[in-house]
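Contents: one structure, followed by commentary.
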Amino acid sequence: MNTDLSWVLNDVLEVRGARHAVLVSGDGLLLQRSDDISRDDAETNAAAMSSMQSLSRAVAGFVGAGHGIWKQTLLEYDGGWIFLIAAGQGAYLAVSAALDVDMEAMSFRMQKTVTALSKAMSVAPRNDHGGGA
């Protein structure tokens with residue numbers, strides 16, 4: 001299996017205004033980063049995004065009883081946005097973007113990216129049942 005998934009993350013950056021993308025494990029480890037962010041910055045942000053998803057899940061019940069399943073966190077800053085979504089079992093995709101990003105296009109592209117990540121990280125079943133080399 002090819003573990004370099006930067007091509008998938010770079011795809012989400014095709015949305016006008018997108019800046020950086022990181023794939024993060026639930027415990028804060030950097031799994032993958034887009035080409036345009038340094039490893040140090042990506043690792044720092046991976047740890048923060050893991051904490052952010054944990055906090056978002058913890059307060060999900062605030063929306064009302066029975067409606068508290070976390071789906072996405074959106075953060076606004078003076079200089080732009082951060083989008084954070086689940087990207088499979090124990091993984092999260094975070095993307096930073098400019099203030100004028102098309103939010104609908106970004107959300108759609110992130111969902112498409114998560115689907116591509118799921119396919120890229122899956123392993124095809126073995127047909128030989130381990131019976132030969």
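Remark: side-chain polar atoms of Ser96 are not paired, donor with acceptor, to backbone N or O of Ile82 under 3.5 angstrom. Side chain of Ser54 to main chain of Ser50: no donor-acceptor pair is present (N/O by atom type, distance under 3.5 Å, no hydrogens or angles). Asp35 contributes no side-chain N or O that, together with a main-chain N or O of Asn10, makes up a donor-acceptor pair within less than 3.5 Å. Between the side chain of Arg109 and the main chain of Asp11, a donor-acceptor pair closer than 3.5 Å is present.
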For this session: Kindly determine whether Met52 and Leu75 satisfy side chain to side chain contact (heavy atoms under 4.5 Å, CB included), including the steps that lead there.
Result: CA-CA 10 Å; Met52 188 57 60; Leu75 303 164; 4.0 Å; yes

Exercise. Does the pair Glu76 and Leu99 meet the rule for a side chain to side chain contact (heavy atoms under 4.5 Å, CB included), with working shown?
Worked result: CA-CA 8 Å; Glu76 182 180 12; Leu99 281 172; 4.2 Å; yes

Problem set entry | side chain to side chain contact (heavy atoms under 4.5 Å, CB included) between Asp41 and Arg33, intermediate numbers included | CA-CA 10 Å; Asp41 286 345; Arg33 63 187 168 94; over 6 Å; no

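Of all the heavy atoms in Leu29 and Ala46, the pair that sits closest is C-CB, 4.3 Å. Of all heavy-atom pairs spanning Leu9 and Leu23, the tightest one is CD1-N, 4.0 Å. Scanning all heavy atoms of the two residues, the minimum distance from Arg19 to Ala97 falls at NH1-O, 3.7 Å. Closest approach of Ala21 and Leu13 over heavy atoms only: N-CD2, 4.1 Å. Of all heavy-atom pairs between Val12 and Ala18, the closest is O-CB, 3.9 Å. Between Leu84 and Met49 the shortest heavy-atom distance is CD2-O, 3.7 Å.
How far CH2 of Trp70 is from CG of Leu55: 11.5 Å, rounded to the nearest 0.5 Å. For the atom pair CG (Leu74) and CD1 (Ile85), the distance works out to 11.5 Å, reported to the nearest 0.5 Å. One distance of note links CD of Gln111 with NZ of Lys71; it measures 9.0 Å at 0.5 Å rounding.
Grouping the Ile, Leu, Val, Met, Phe, Trp and Tyr side chains by contacts below 4.5 angstrom, directly or via other members, places Val114 with Met106. Clustering ILVMFWY residues whenever any of their side-chain heavy atoms sit less than 4.5 angstrom apart, transitively, puts Val101 in the very cluster that holds Leu93.
Other residues, nucleotides and ligands place more than 12 heavy atoms under 6.0 Å from the CD atom of Glu14.
Checking Ser38 against Asp40 by side-chain atom types alone, no donor-acceptor pair falls below 3.5 Å.
No side-chain heavy atom of Thr73 sits less than 4.5 Å from a side-chain heavy atom of Gln53. Glu43 places none of its side-chain heavy atoms less than 4.5 Å from the side chain of Val22. When side chains are defined from C-beta on, Val15 does not count as touching Met110, because their heavy atoms never get closer than 4.5 Å. Residues Asp36 and His20 meet the side-chain proximity criterion, which asks for heavy atoms closer than 4.5 Å.
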